[in-house]
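Structure record follows, encoded as structure tokens.
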Amino acid sequence: MGLRKKGTKNPPVLSQEFILQNHADLVSCVGMFFVLGLMFEGTAEVSIVFLTLQHSVVVPAEELAAGSQTLYHYGVKDLATVFFYMLVVIIIHATIQEYVLDKISRRMQFTKAKQNKFNESGQLSVFYIVSCIWGTVILLSENCLSDPTLLWRTHSHTMMTFQMKFFYISQLAYWFHGFPELYFQRIRKQDIPSQLIYIGLHLFHITGAYLLYLNHLGLLLLVLHYVVELISHLCDVFYFSDEKYQKGVSLWTIVFVLGRLTTLVVSLVTVGLHLLVSHSRDGDTDSISGNVNVLAAEIAVLSSSCTIQAYITWTLLTVWLQRWLEDSNLQASSLKKKKPMIKGRSSRKGTENGVETAHRVDAPPKRKEKTS
């Protein structure tokens, strides 16, 4: 499957340039080994660990009002599933890059810096759109919006549905794929630390919500966060395509502030009500089973949520302050360049841009040519 266009020069096999140009094809071959493993009896049991969700439990109809259902725990085998779907994400990333973003970049004739920013915003916009729609569908199907008590209710928190677990596996796979993409996309060394922080923060909070069985709360906060990030990156995409949208880009700041405030309010209310419910019940202090009713665990969750919101807000303020200083410096330098031109024009009649013209009033008159 040729996902990356090869250059006119064929690099040596297994060289760095060869891997960068053909990384999607190489990853496809690795993924095909797991798929082909299903065809043989000796390897099917191993391959199925990578391709399907593990740690399932069939709950009988007596315990559920809606009948028997297959629910899931988390476990060590989830790492194999995350690895396989990370390979799938790398292939999808390369497909979007070649067949969508590269064609737009060639048509718009972006500079190298703008092209890198456009590619990043384009990739993240696609991911955020899919995640927001998918997450909203799960929230609606599991009645989280109609019954907000699911965010802090303690029973059945040690199991999750198929769609909930697959959503978290996919999220982990996407953010883990960001580490090899730093190499495949040839990210500059000075940009790598900020990218690592950005990826690490998402992995930390998604993994925390997954391991502590804060599935519904984590999903709701992720959707809110992704909506704000989606608007941000869409504004960047439109700005790169045409700079006349620069004034519209600043409007997303209002959405950003509202999103951060909503996230803080939801976190505070959910953890507060969870504490009230947990301390009013007996025997709900088992942190090993995944319950987060332990006071220290809930304070850690709330502190983490507040810290990340403060960090994101501080980063935004820093970026905007830097842009404001750059704009003010550019305006000041442009005014300094215009002042000598204005003075030169208004200094005296018959000058232009500070240079005397040949038609000045006090210029010596031209000698008339004698006519024969």
Side-chain angles (χ1 to χ4, degrees), residues 1 3 23-61 63-64 66-96 126-127 129-142 144 150 156-181 199 202-203 205-216 218-219 222-223 226 289-290:
M1 171 166 57
L3 296 178
H23 72 271
D25 297 327
L26 298 174
V27 170
S28 301
C29 294
V30 176
M32 286 301 296
F33 279 113
F34 297 108
V35 177
L36 293 175
L38 296 174
M39 301 174 60
F40 305 98
E41 184 177 358
T43 58
E45 293 183 0
V46 178
S47 296
I48 204 170
V49 174
F50 288 86
L51 273 67
T52 61
L53 300 184
Q54 301 298 310
H55 306 287
S56 60
V57 176
V58 178
V59 181
E63 299 182 13
L64 294 175
S68 61
Q69 187 180 5
T70 301
L71 300 178
Y72 293 85
H73 298 285
Y74 64 80
V76 180
K77 294 181 180 179
D78 291 340
L79 297 175
T81 312
V82 170
F83 174 76
F84 175 78
Y85 285 100
M86 182 186 71
L87 302 180
V88 175
V89 172
I90 292 176
I91 299 172
I92 296 175
H93 184 114
T95 305
I96 295 173
V126 175
F127 168 70
I129 289 174
V130 174
S131 298
C132 289
I133 296 175
W134 190 5
T136 304
V137 170
I138 295 176
L139 290 173
L140 291 174
S141 63
E142 299 200 2
C144 292
L150 287 173
S156 299
H157 265 209
T158 57
M159 290 183 287
M160 64 191 88
T161 60
F162 173 85
Q163 58 181 356
M164 183 71 76
K165 178 165 184 173
F166 189 52
F167 177 84
Y168 275 96
I169 292 293
S170 302
Q171 293 294 311
L172 293 172
Y174 180 86
W175 290 110
F176 271 117
H177 109 285
F179 294 116
E181 285 295 340
I199 297 171
H202 283 86
L203 282 174
H205 288 85
I206 294 173
T207 305
Y210 182 66
L211 297 180
L212 294 174
Y213 291 105
L214 294 172
N215 307 315
H216 298 92
L219 179 58
L222 269 181
V223 171
Y226 285 169
S289 64

Problem - Separation of L172 CG from T207 OG1 (nearest 0.5 Å) - result: 4.5 Å

Where the side chain of [X] meets the backbone of [Y], is there a donor-acceptor pair that is under 3.5 Å apart?
X    : Y    : answer
Y74  : L211 : yes
Y85  : L51  : yes
S47  : A44  : no
K165 : M159 : no
Y226 : V130 : no

Practice task
On the 0 to 90° scale, with breaks at 30° and 60°, tag the H177-Y174 ring pair as parallel, tilted or perpendicular.
Solution key: tilted

Handout entry: Donor + acceptor pair across side chains of T81, Q54 (<3.5 Å)
Key = no

Practice task
Using distance alone, with no hydrogens and no angle criterion, decide if D78 and Y210 have a side-chain donor and acceptor under 3.5 Å apart.
Solution key: yes

Practice task
Show the numbers, then the answer: is there a side-chain contact (heavy atoms from CB on, under 4.5 Å) between H202 and Q171?
Solution key: CA-CA 9 Å; H202 283 86; Q171 293 294 311; over 6 Å; no

Taking the side chain as everything from C-beta on, heavy atoms only, tell me whether [X] gets closer than 4.5 Å to [Y].
X   : Y    : value
Y72 : Y168 : no
F50 : F33  : no
V57 : T70  : no

Going by the rule side chain to side chain contact (heavy atoms under 4.5 Å, CB included), which residues pair with [X] if we only count those two or more places apart in sequence or in a different chain?
X    : answer
F179 : F176, L196, I199, L203
V27  : L87, I90, I91
I48  : L38, T52

Practice task
Return the minimal non-hydrogen interatomic distance between H216 and C144, and the atom names on each side.
Solution key: CD2-SG, 2.8 Å

Exercise for the section: Check the pair F127 / H93 against side-chain contact (heavy atoms from CB on, under 4.5 Å), numbers first and verdict last. Expected result: CA-CA 10 Å; F127 168 70; H93 184 114; over 6 Å; no

